[in-house]
Amino acid sequence: MCLCLVISSLPAFADEGMWMIQDINAALEKKMQARGLKLSTNEIYNSDAPGTAVSDAVVSLGFYCTGSVISNWGLIITNHHCAYANIAKLSTPEHNYLEEGFWAMDTKDEIKIEGEKVYFLKRVFDVTDEVDEVERDLAKKGQPAGMRKISHILETRYKEGTGLECILSSMWAGEKYYMSVYKVYDDVRLVAAPPLCIGYFGGDEDNWEWPRHNCDFAMYRIYENGKPVTRERSLRVSLKGYEEGSFAMVIGYPGRTDRYASPFEIGYQEEVNLPVSNDIRAKQLAIVNKWMDADPSVRMKYSDWYFSLSNSQENGAGMQKCYKRFRVRDEKFAQERKLRKWIESAHDRREKWGDLIPDLEKAYSDCAEIERDKVFFRETMLRGTNVARYLLRAGNSKDLEKARQALLDCFAGTDARVEKELLACALEEYYSNLDTYYFGEYQTKIWDRFGTDFQAMADYLWEKSLVSSVDKVKGIESLDEVLNDPLRRFLTETSANTFNDRDEHGKIWNERNRLEKEYKKALYWMNLQEGEPQYPDANSTMRITYGTVGGFYPSDGVWYNWYSTPSGILQKYDPARHDFDLNDRQKHLLQKGFWGKWGFKLNGRNNSMIVDFLTDNDITGGNSGSPVLDAKGNLIGLAFDGNTESLASDASFTEGYNKCINVDIRFVMWVLDKYAGMKLVVNEIDFVR
């Protein structure tokens with residue numbers, strides 16, 4: 001490799017911020033252009049000229065992921081892991097699209113995904129005054145004026161006026177409100193999805209790590225009236241690519257951040273919530289992974305559940321570690337001291353917020369012990385097993401046949417061996433960590449009978465349950481049999497109210513929430529008065545973030561290059577490990593090394609290809625699948641992950657460490673072209689050199 005690609009200069013720091021797409025003001029535009037942007041504000045977002053702006057080609061996938069339009073025929077690209085649940089849902093034992101991949105060589109082969117929706121933002125505008133007006137009107141009428149009611153009134157008003165989907169969003173804990181207007185398509189079809197050995201190469205072990213070697217993409221197409229939708233705007237795909245220091249911007253729908261959190265909230269997460277949930281989830285993952293490795297049928301049933309749980313567990317564990325490493329609580333305490341001084345410097349602020357900080361600190365302290373207990377309850381009784389959701393669904397049904405079907409679905413979606421081991425784990429955590437105060441009558445009876453023999457306890461509850469036998473389920477004659485199922489009874493005997501009612505915990509927790517919101521409002525007004533640029537926390541509204549391509553120092557003396565290549569895939573290849581295995585065709589093509597027009601020139605020869613690359617864009621969950629765009633708005637990649645060092649970023653952006661991991665769009669095209677042979681789809685796309 002050329003020495004100039006190995007020895008890199010110190011990285012340029014990114015500008016923090018997930019900025020609202022409609023609020024790119026002159027100052028922000030100037031900053032972005034100083035970084036290298038070649039577009040004007042109106043070329044990025046322009047609600048008055050449909051189809052003229054880059055953002056017109058960016059979509060939300062059900063507000064859990066982002067995608068973008070890359071052809072005039074409604075072709076949408078997103079991440080493989082965003083499509084994972086849909087691919088799993090469409091798979092069968094005969095056609096396991098997760099393991100084999102899916103390639104629609106003709107539009108007639110595209111498969112409709114029931115329940116999927118794609119949202120195109122048409123415009124977004126400030127409705128804070130209207131929210132205040134509706135709130136006052138409801139108060140005059142003596143009616144409840146909660147946000148659910150206010151949202152319904154305003155969303156209905158604008159939906160009737162526009163004929164489009166309208167969603168009200170709160171910013172800065174309710175100091176500002178915005179209405180987003182969307183065109184929604186609900187006929188969404190799967191076009192392309194690589195097998196796991198391509199789309200999720202490295203699996204759980206590589207998650208949140210660098211270097212990565214994923215081709216993390218999938219393709220949908222949107223239809224209307226049975227025909228592919230012709231879009232006003234699609235993104236052009238860059239064949240030129242980028243280099244270290246190149247400008248990069250990401251437009252997408254980040255889900256949730258908590259950048260205005262108090263230091264007491266960080267302390268709660270670091271000491272109360274995360275240690276418990278991370279530990280229990282790690283044990284659950286070990287159980288399921290063991291069975292998935294032992295039996296392919298278990299892998300197929302649990303792959304989606306395992307993927308989701310492993311992602312959240314690794315995120316939580318990394319968050320806990322990064323809170324400590326980057327001293328996030330100290331940062332928040334410094335912010336709190338500044339806020340305290342600002343409050344105390346004016347009489348009106350002292351009147352409004354004088355007791356806010358000490359009251360908030362006390363509320364967190366008073367809540368800690370019972371909240372810890374609630375985490376154990378949540379992670380064991382509510383989500384400690386998969387079978388619980390089937391039993392709860394059946395028990396909540398008012399129709400006997402629907403209840404029966406929910407239980408029959410349980411046999412198709414779970415494995416008894418796995419569930420009994422998960423149940424034993426949940427029982428051990430529940431009984432070993434909670435005060436007997438929380439145990440119901442039946443739970444106490446089971447405890448008295450089995451003591452600490454949790455596997456015997458699990459076996460007993462399982463054998464007594466309807467879920468132990470298909471014949472038992474088929475023989476159900478009344479809903480009472482479902483409601484009185486021993487396992488269901490055990491899992492539901494204690495409720496969240498048991499915790500909320502103890503020592504008036506519910507009231508204290510609600511007061512804690514109110515004070516935390518008030519803290520965020522005070523920070524907003526302090527920053528506004530002092531002229532500090534600020535963006536609201538992410539809340540699944542469209543945002544833009546900008547930065548540059550580049551590597552980073554994860555720790556002292558260690559430098560990570562800004563891109564990975566196919567050679568890294570072959571280096572990681574291990575046929576004995578599912579997550580690092582390659583199929584024969586993939587391995588042959590990688591070894592052959594013919595990259596064609598999708599490669600880049602190194603040492604004067606077209607002999608390599610970028611697989612994944614790093615930028616310092618400020619992203620979070622929900623940004624997955626977001627287009628990574630060059631200075632002219634051309635597509636260069638898809639954001640799909642963050643690095644381990646960025647896992648405190650929901651609460652704090654750490655300069656020099658927060659990295660966005662992206663798949664190179666040319667690698668995606670190589671897979672479509674050389675591996676899958678999808679020439680028709682490739683020919684739909686507009687490429688720019």
- Can you tell if the side chain of Lys31 reaches within under 4.5 Å of the side chain of Tyr546, non-hydrogen atoms only? yes
- Query: Residues in salt bridge (Lys or Arg N to Asp or Glu O under 4.0 Å) with Arg389, at least two apart?
  - Reply: none
- Message: Distance alone, cut at 3.5 Å: any donor-acceptor contact between the side chains of Tyr223 and Glu110?
- Response: yes
- Message: To the closest 0.5 Å, what do you measure between CG (Asn214) and CD1 (Ile661)?
- Response: 9.0 Å
- Establish, from distance only, whether the side-chain atoms of Thr541 and Asn539 form a donor-acceptor pair under 3.5 Å. yes
- Using modelled atom types only, decide if a donor and an acceptor are shared between the side chain of Asp216 and the backbone of His81 within a distance under 3.5 Å. yes
- Query: Any donor-acceptor pair under 3.5 Å linking the side chain of Trp210 with the backbone of Asn561?
  - Reply: yes
- Message: Using modelled atom types and a 3.5 Å cut-off, is there a donor and acceptor pairing between side-chain atoms of Asp23 and backbone atoms of Trp19?
- Response: no
- Task: Verify side-chain contact (heavy atoms from CB on, under 4.5 Å) between Asp664 and Met609, making sure each step is shown before the conclusion.
- Result: CA-CA 9 Å; Asp664 190 299; Met609 182 168 59; over 6 Å; no
- Glu224 side-chain N/O to Val229 backbone N/O, donor-acceptor pair under 3.5 Å: no
- Can you tell me how far the CD atom of Glu209 sits from the OG1 atom of Thr644, to the nearest 0.5 Å? 3.5 Å
- Neighbour count above 12 (heavy atom, 6.0 Å) for Lys89 NZ: yes
- Query: Counting only N and O atoms by type, is there a donor-acceptor contact under 3.5 Å from the side chain of Thr620 to the main-chain atoms of Pro254?
  - Reply: no
- Message: What I'd like to find out is whether the side chain of Asn72 reaches to under 4.5 Å of the side chain of Glu684, using heavy atoms alone.
- Response: no
- Item | Non-hydrogen side-chain atoms of Asp641 and Asn79 separated by less than 4.5 Å | no
- Cationic tip of Arg666 above Tyr242 ring, under 6.0 Å, 45° of axis: yes
- Task: Please work out whether the ring planes of Tyr302 and Trp305 are parallel, tilted or perpendicular, with thresholds of 30° and 60°.
- Result: perpendicular
- Task: Specify whether Phe687 and Trp598 have parallel, tilted or perpendicular ring planes, treating 30° as the upper limit for parallel and 60° as the lower limit for perpendicular.
- Result: tilted
- Message: Using modelled atom types and a 3.5 Å cut-off, is there a donor and acceptor pairing between side-chain atoms of Thr66 and backbone atoms of Gly625?
- Response: no
- Query: At what distance, to the nearest 0.5 angstrom, does CD1 of Ile24 lie from CG of Leu39?
  - Reply: 10.0 Å
- Message: Does either side chain, that of Tyr535 or that of Glu16, offer a donor lying less than 3.5 Å from an acceptor on the other one?
- Response: yes
- Query: Do any pairs count as a disulfide bond (SG atoms under 2.5 Å apart) and have a residue in residues 197-231, sequence neighbours left out, and if so which ones?
  - Reply: none
- Query: With Arg236, which residues qualify under side chain to side chain contact (heavy atoms under 4.5 Å, CB included), at least two apart?
  - Reply: Asn634, Asp686, Val688
- Does atom CZ of Phe594 have more than 12 heavy-atom neighbours from other groups under 6.0 Å away? no
- Query: Between OG of Ser47 and CD1 of Ile21, what distance do you get to the nearest 0.5 Å?
  - Reply: 11.5 Å
- Message: Under a 4.0 Å threshold between the charged nitrogen and the carboxylate oxygen, would Lys117 count as salt-bridged to Glu165?
- Response: no
- Item | Check: Asn46 side chain, Glu43 main-chain N or O, donor-acceptor pair, under 3.5 Å | no
- Is there a donor-acceptor pair under 3.5 Å between the side chain of Asp673 and the backbone N or O of Met669? no
- Message: Looking at Phe640, I'd like to know if the NZ or CZ of Arg212 sits under 6.0 Å from its six-membered ring centre while staying within 45 degrees of the ring's axis.
- Response: no
- Sequence neighbours excluded, which residues qualify as side chain to side chain contact (heavy atoms under 4.5 Å, CB included) partners of Ser308? none
- Task: Please check if the side chain of Asp187 supplies one atom and the backbone of Asn225 the other of a donor-acceptor pair under 3.5 Å.
- Result: no
- Task: Any disulfide bond (SG atoms under 2.5 Å apart) involving residues 34-115? Give me the pairs, sequence neighbours left out, ordered by first then second residue.
- Result: Cys65-Cys82
- Item | OG1-CD1 distance between Thr565 and Ile610, expressed to the nearest 0.5 angstrom | 9.0 Å
- Query: So do Tyr84 and Leu196 actually touch side chain to side chain, heavy atoms under 4.5 Å?
  - Reply: yes
- Centroid-centroid under 6.0 Å between Tyr220 and Tyr185 rings: no
- Item | Test of ring centre spacing under 6.0 Å for Phe580 and Tyr573 | no
- Message: A side-chain contact here means heavy atoms from C-beta on lying under 4.5 Å apart; do Arg299 and Leu98 qualify?
- Response: no
- Can the ring centres of Phe667 and Phe217 be said to be less than 6.0 Å apart? no
- Is it true that a side-chain atom of His213 and a backbone atom of Ser564 form a donor plus acceptor pair closer than 3.5 Å? no
- Message: Here's a test for you: under side chain to side chain contact (heavy atoms under 4.5 Å, CB included), which of Ile544, Asp126, Val124 qualifies with Gln22?
- Response: Val124
- Does a donor on one side chain and an acceptor on the other come within less than 3.5 Å for Gln313 and Ser310? no
- Item | Exercise: do Thr257 and Asp537 side chains pair donor with acceptor under 3.5 Å | yes
- Using the side-chain contact (heavy atoms from CB on, under 4.5 Å) rule, take Ile251 and Ile44 through it: C-alpha gap first, then chi angles, then the decisive distance, then the call. CA-CA 9 Å; Ile251 300 176; Ile44 296 174; 4.1 Å; yes
- Query: Under 30°, 30 to 60°, or over 60°: which ring-plane class applies to Tyr200 and Phe307, parallel, tilted or perpendicular?
  - Reply: perpendicular
- Note on the structure: When rounded to the nearest 0.5 Å, the distance separating CG of Asp206 from CD of Glu314 is 9.5 Å
- Query: Has Asn683 got more than 12 heavy atoms of other residues, nucleotides or ligands less than 6.0 Å from its CG?
  - Reply: yes
- Message: Do Pro536 and Lys176 make a side-chain contact, defined as non-hydrogen atoms from C-beta onward lying under 4.5 Å apart?
- Response: no
- Item | Worked verdict on Lys112 versus Arg189 for side-chain contact (heavy atoms from CB on, under 4.5 Å) | CA-CA 4 Å; Lys112 184 172 181 179; Arg189 307 186 190 183; 4.2 Å; yes
- Flag side-chain contact, heavy atom, 4.5 Å: Leu121 against Ser180: yes
- Answer whether the closest heavy-atom distance between the side chains of Val118 and Leu61 falls below 4.5 Å. yes
- Message: Applying salt bridge (charged side-chain N to carboxylate O under 4.0 Å, His left out) to Asp630 and Lys240, what does each step give before you reach the verdict?
- Response: CA-CA 10 Å; Asp630 67 13; Lys240 180 182 179 182; over 6 Å; no
- Note on the structure: With Asp618 as partner, the option from Lys659, Arg259, Arg543 fulfilling salt bridge (Lys or Arg N to Asp or Glu O under 4.0 Å) is Arg259
- Write out all pairs satisfying side-chain hydrogen bond (donor to acceptor under 3.5 Å, both in side chains) with one or both partners inside residues 99-109, taking only residues at least two apart or from two chains. Glu99-His578
- Task: Could you go through the salt bridge (charged side-chain N to carboxylate O under 4.0 Å, His left out) check for Lys183 and Glu232 one step at a time?
- Result: CA-CA 13 Å; Lys183 169 68 175 176; Glu232 301 159 332; over 6 Å; no
